[in-house]
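Computed from heavy atoms alone, side chains included, the values below leave out hydrogens, waters and symmetry copies.
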Amino acid sequence: QVQLVESGGGLVQAGGSLRLSCAASGRSFSNYGMGWFRQGPGKEREFVAAESWSGASIYYLDSVKDRFTISRDNPKNTVYLQMNSLKPEDTAVYYCAADRLGYASRDWKDYDYWGQGTQVTVSS
């Protein structure tokens, strides 16, 4: 069993930056594919970014591709989402997720473990 705990959310003005962290329990973190998803008010859960276990595959939602960066620190069992040039439409609860098979998937159904989410609010 893996537990994921996100942190780093908050209120920021448009154009600002935040760095989300997701700390994982367990010994197999380096084998997991990791993803970030978000769910805005009244919206469906949306893929944001994902990185495979090796880091060889990284994918982004088109609208965040030049602004967000996913990265992982395996010794610290942590994955990050650096978010720059934030926009009001980025407002959402952000979730990290882990895939036991190690892939970087855009499909939330491929993930086995989820965090509780962290709120990101971008004011205009």
Side-chain angles (χ1 to χ4, degrees):
Q1 187 73 14
V2 173
Q3 290 187 328
L4 304 174
V5 179
E6 301 98 335
S7 61
L11 174 63
V12 63
Q13 288 188 333
S17 298
L18 285 173
R19 188 177 79 155
L20 305 184
S21 299
C22 173
S25 64
R27 295 175 294 176
S28 301
F29 175 79
S30 61
N31 296 329
Y32 294 136
M34 298 300 297
W36 287 96
F37 291 77
R38 66 187 182 187
Q39 188 164 15
K43 297 182 180 180
E44 294 187 350
R45 184 167 13 190
E46 176 181 52
F47 166 78
V48 176
E51 182 173 354
S52 62
W53 71 274
S54 66
S57 297
I58 295 178
Y59 304 113
Y60 294 98
L61 177 68
D62 283 347
S63 63
V64 310
K65 191 173 296 183
D66 297 322
R67 301 184 294 120
F68 292 9
T69 302
I70 186 173
S71 62
R72 62 193 299 160
D73 186 338
N74 287 337
K76 293 184 177 180
N77 279 15
T78 301
V79 63
Y80 303 99
L81 185 68
Q82 178 66 45
M83 306 187 295
N84 299 328
S85 302
L86 283 161
K87 304 176 181 180
E89 51 263 44
D90 295 319
T91 294
V93 177
Y94 283 71
Y95 300 90
C96 71
D99 172 12
R100 289 180 298 175
L101 297 181
Y103 297 125
S105 175
R106 295 179 177 92
D107 188 343
W108 66 268
K109 294 187 290 296
D110 290 333
Y111 290 85
D112 303 289
Y113 306 105
W114 291 82
Q116 82 290 347
T118 186
Q119 176 70 48
V120 171
T121 303
V122 184
S123 63
S124 56

Shortest non-hydrogen separation from [X] to [Y] and the atoms involved:
| X | Y | result |
| --- | --- | --- |
| A23 | T78 | CA-OG1, 4.1 Å |
| S52 | R72 | O-NH1, 3.2 Å |
| R38 | S63 | NH2-OG, 4.0 Å |
| L4 | A98 | CD1-N, 3.8 Å |
| G26 | N77 | O-ND2, 2.9 Å |
| R100 | D112 | N-OD2, 2.8 Å |

First locate atom [atom1] of [X], then atom [atom2] of [Y], and finally report the distance between them rounded to the nearest 0.5 Å.
| X | Y | atom1 | atom2 | value |
| --- | --- | --- | --- | --- |
| S71 | E51 | OG | CD | 7.0 Å |
| E89 | S124 | CD | OG | 10.0 Å |
| T118 | L81 | OG1 | CG | 11.0 Å |
| C22 | E6 | SG | CD | 5.0 Å |
| R19 | M83 | CZ | CE | 11.5 Å |
| Q82 | L18 | CD | CG | 8.5 Å |

Classify the ring geometry between Y95 and W114 as parallel (under 30°), tilted (30 to 60°) or perpendicular (over 60°).
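Perpendicular: the ring planes of Y95 and W114 meet at over 60°.
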
Is there a chain of hydrophobic side chains (I, L, V, M, F, W, Y, each step under 4.5 Å between heavy atoms) that links [X] to [Y]?
| X | Y | answer |
| --- | --- | --- |
| L61 | Y103 | no |
| V79 | V120 | yes |
| V64 | L86 | yes |
| V48 | Y80 | no |
| L20 | F29 | yes |

Do T91 and Q119 pass the side-chain contact (heavy atoms from CB on, under 4.5 Å) test, and can you show the C-alpha distance, the side-chain angles, and the key distance before you say yes or no?
CA-CA 8 Å; T91 294; Q119 176 70 48; 4.1 Å; yes

Check the surroundings of atom CD in Q116: do more than 12 heavy atoms from other residues, nucleotides or ligands lie under 6.0 Å from it?
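Yes, enclosed.
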
Using atom types as modelled and distance alone, determine if a side-chain donor or acceptor of S25 lies under 3.5 Å from a backbone N or O of Q3.
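Here the side-chain-to-backbone pair exists.
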
Is K65 salt-bridged to D62, cutoff N-O under 4.0 Å?
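Salt bridge between K65 and D62, a charged N being under 4.0 Å from a carboxylate O: yes.
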
Taking the side chain as every heavy atom from C-beta outward, state whether F47 and Y59 have any atom pair closer than 4.5 Å.
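Yes; the side chains approach each other to less than 4.5 Å.
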
What do you reckon, are the aromatic ring centroids of F37 and Y111 less than 6.0 Å apart?
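Close enough - the centres of the two rings lie under 6.0 Å apart.
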
Just checking, R67 and Y60: is the charged tip under 6.0 Å from the six-membered ring centre and within 45° of the axis?
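No, R67 and Y60 do not form such a contact.
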
